[in-house]
Amino acid sequence: MDGRTTDNAPRPPGSPPSSAAAEGTVRGEGLLGLLVMAYGTPQSLDEVEPYYTHIRHGRPPTPELLQELIDRYKAIGGRSPLHEITEEQARRVAATVAERLGRPVSAFVGYLHAKPFIAEAVERLVGARPREAVALVMAPQYSAASVALYQQAAREALARHAGAPPVHFIDHFHGHPGFVAALARRVEATLAALPPDRRDGAVVVFTAHSIPQPVVDRGDPYPRHVEETAAKVAAAAGLQRWRVAYQSAGRTADPWLGPDVTDVIRELAREGARAVVACPVGFVADHLEVLYDLDIEARQVAEEAGVGFARTPSLNADPDFIEVLADLVLDRLGATRHEAAAAGARAEDGGEP
Ligand code: FEC
């Protein structure tokens, strides 16, 4: 077994399923496949150029842009921990689903912009011959500029395999109660750890990756999803003062969705805020955009503006987040059973939906 695949023994026969969603699936003994997809990162500084070229749809970056990106990786220690964390998340969610479902589960990790690419993960998944599979993108909010691209890569790869199993896609989990509660706990703990004189005047800024404004203008649900996550977390944590901001806007000619987190920090400082607590609701792991764009760049802006700065810990492979991911997979299987039952009933009626 390598780091990208996890095989798990089923739990002892006879133990009851712990999720109602799982009940319809425990009878069969077939393997469940999990396709876990994430952004991807270069594994060394030498890989930054091909990685950046891939992100830019095959257009190599200028030497200045490339150097700027290399410097950002150097500032976080030379590389991003994204792959290790994603693989740990995949291993643990596979183990948890296997335990709760009483079926063997194998997880396959594929990245949008780095090796192993999504197509490779799909090939390995198909080769394992699961009875069915669930596909999960490690991004909570849906966008044509993010989740849709992962799903398209997976669907194109699946279409190349005649014997591919049915794959059930999870589109988003921006409002999942367990996800909201996990973030709210981290906001409360981060606020509680601030010095008392900063805590009283602290404002929580919920952040997500920016996307190009033209995508938003075509009616993308992403900003609404981000606002909804933020509002639910703020309510769960009982916050009085909070804002939504976007971060890490790309270096392209298009305008990007704002307001940018650095502008919001400066604005809050002018309004008399004592501290900013950044809560990256659009990310589920530590990586460049968290460790550099928030921990280094946004912190520096806050220091220059005279406000305190803290960041909520990432969800990573923490047990509370793994439970959320397992719920999502089991719920998707449950929904799939209902869809299949409804289609069967319609077929028996001989009617169209
Ligand atoms: O740790 C790492 O090394 C990878 C961190 C990383 C994550 C991430 C997530 C998202 N991105 C999204 C959209 C875009 C669009 C462009 C774009 C460009 C970059 C560049 C780097 C980068 N992204 Fe990223 N993104 C990460 C890293 N991203 C590096 C290139 C340099 C730069 O612009 O900063 C622009 C593409 C273009 O030029 O045409 C658009 C979105 C997410 C959040 C959802 C997800 O995870 O998929 C949306 C992590």
Side-chain angles (χ1 to χ4, degrees), residues 36-45 47-62 64-87 89 109-115 118 135-154 170-174 206-216 218 220-223 225-226 229 246-258 260-262 280-297 314-316:
V36 176
M37 296 176 277
Y39 201 82
T41 184
Q43 291 301 296
S44 68
L45 294 179
E47 286 183 14
V48 175
E49 185 168 10
Y51 170 73
Y52 204 171
T53 303
H54 193 274
I55 289 176
R56 290 167 50 86
H57 316 280
R59 286 175 297 121
T62 62
E64 295 73 31
L65 279 176
L66 176 61
Q67 193 55 51
E68 201 192 307
L69 184 54
I70 289 175
D71 290 345
R72 281 157 62 202
Y73 281 109
K74 281 185 178 164
I76 63 162
R79 58 190 297 280
S80 155
L82 179 63
H83 287 199
E84 287 85 341
I85 295 169
T86 306
E87 285 156 20
Q89 288 169 327
V109 176
Y111 300 104
L112 190 60
H113 294 301
K115 287 181 195 157
I118 289 169
L136 172 65
V137 179
M138 301 303 279
Q141 296 86 15
Y142 185 91
S143 172
S146 64
V147 175
L149 302 178
Y150 295 81
Q151 294 185 340
Q152 183 188 342
I170 294 169
D171 289 340
H172 59 84
F173 51 93
H174 74 282
F206 296 106
T207 70
H209 202 292
S210 183
I211 57 170
Q213 186 63 39
V215 178
V216 179
R218 288 194 288 272
D220 202 59
Y222 184 78
H225 283 188
V226 173
T229 304
Y246 293 90
Q247 58 167 96
S248 319
R251 281 83 169 150
T252 66
D254 282 326
W256 284 63
L257 175 64
D260 187 83
V261 63
T262 55
V281 295
F283 300 124
V284 299
D286 285 325
H287 49 58
L288 186 71
E289 316 297 69
V290 172
L291 301 175
Y292 185 86
D293 294 3
L294 290 180
D295 290 0
I296 297 179
E297 198 177 64
S314 297
L315 299 168
N316 292 333

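In listed order, ligands and their atoms are each counted from 1.
- Under a 4.0 Å heavy-atom criterion, R72 is in contact with ligand 1.
- The shortest side-chain heavy-atom distance between T229 and Q141 falls under the 4.5 Å cut-off.
- The residue from H209, E68, M138, R56 that puts a heavy atom closest to atom 12 (C) of ligand 1 is H209.
- Between the H83 side chain and the T41 main chain, a donor and an acceptor come within less than 3.5 Å of each other.
- The atoms of ligand 1 that sit less than 4.0 Å from any heavy atom of L288 are 1 (O), 2 (C), 3 (O).
- Residue contacts with ligand 1: T41 is placed with a nitrogen or oxygen under 3.5 Å of a nitrogen or oxygen of the ligand (distance criterion only).
- Considering backbone and side-chain N/O atoms, A249 never comes within less than 3.5 Å of an N/O atom of ligand 1.
- Remark: minimum distance from atom 1 (O) of ligand 1 to any protein heavy atom is reached at S80 OG, 2.6 Å.
- At least one donor-acceptor pair under 3.5 Å links the side chain of Q89 to the backbone N or O of V284.
- In this structure, Y222 does not count as a contact residue of ligand 1, since none of its heavy atoms falls inside 4.0 Å of the ligand.
- The closest protein non-hydrogen atom to atom 45 (C) of ligand 1 is Y150 OH, 3.4 Å.
- Residue H287 touches ligand 1 through backbone and side chain together, judged by heavy-atom distances below 4.0 Å.
- Taking the side chain as every heavy atom from C-beta outward, W256 and H209 approach each other to under 4.5 Å.
- Close contacts between ligand 1 and H57 involve ligand atoms 39 (O) [criterion: under 4.0 Å to a heavy atom].
- Remark: the backbone N or O of E289 is paired with a side-chain donor or acceptor of Q247 at under 3.5 angstrom.
- With hydrogens and angles disregarded, a donor-acceptor distance shorter than 3.5 Å links the side chain of D220 to the backbone of A144.
- Residue S248 forms a side-chain hydrogen bond (donor to acceptor under 3.5 Å, both in side chains) with just one option from T207, D260, D293, and that option is D293.
- Considering only heavy atoms from C-beta on, H287 stays 4.5 Å or farther from Y39 through its side chain.
- Using cut-offs of 30° and 60° on the angle between ring planes, the pair Y51 and Y73 is perpendicular.
- Within ligand 1, counting atoms from 1 as listed, the ones closer than 4.0 Å to a heavy atom of G40 are 4 (C).
- Salt bridge E47/K115: absent, no basic N to carboxylate O contact under 4.0 Å.
- Under the 3.5 Å distance criterion, with hydrogens and angles disregarded, no donor-acceptor pair is assigned to the side chains of S314 and N316.
- For atom 3 (O) of ligand 1, the choice among Y39, Y142, Y73 with the nearest heavy atom turns out to be Y73.
- Ranking protein heavy atoms by distance to atom 4 (C) of ligand 1, first place goes to Y51 OH, 3.3 Å.
- With respect to atom 21 (C) of ligand 1, the closest heavy atom belonging to the protein is I55 CD1, 3.7 Å.
- In the vicinity of L69, heavy-atom distances shorter than 4.0 Å reach the ligand 1 atoms 29 (C).
- Taking a cut-off of under 4.0 Å to the non-hydrogen atoms of I211, the atoms of ligand 1 that pass are 48 (C).
- Near G250, the atoms of ligand 1 lying under 4.0 angstrom from a non-hydrogen atom of the residue are 33 (O).
- Looking only at side-chain heavy atoms (C-beta outward), Y111 and H54 stay at 4.5 Å or farther from each other.
- Looking at atom 30 (C) of ligand 1, its nearest protein heavy atom turns out to be Y52 CE2, 3.2 Å.
- Of the protein's non-hydrogen atoms, W256 CH2, 3.3 Å is the one closest to atom 40 (C) of ligand 1.
- Protein heavy atom nearest atom 38 (O) of ligand 1, with residue, atom name and distance: T252 CG2, 3.5 Å.
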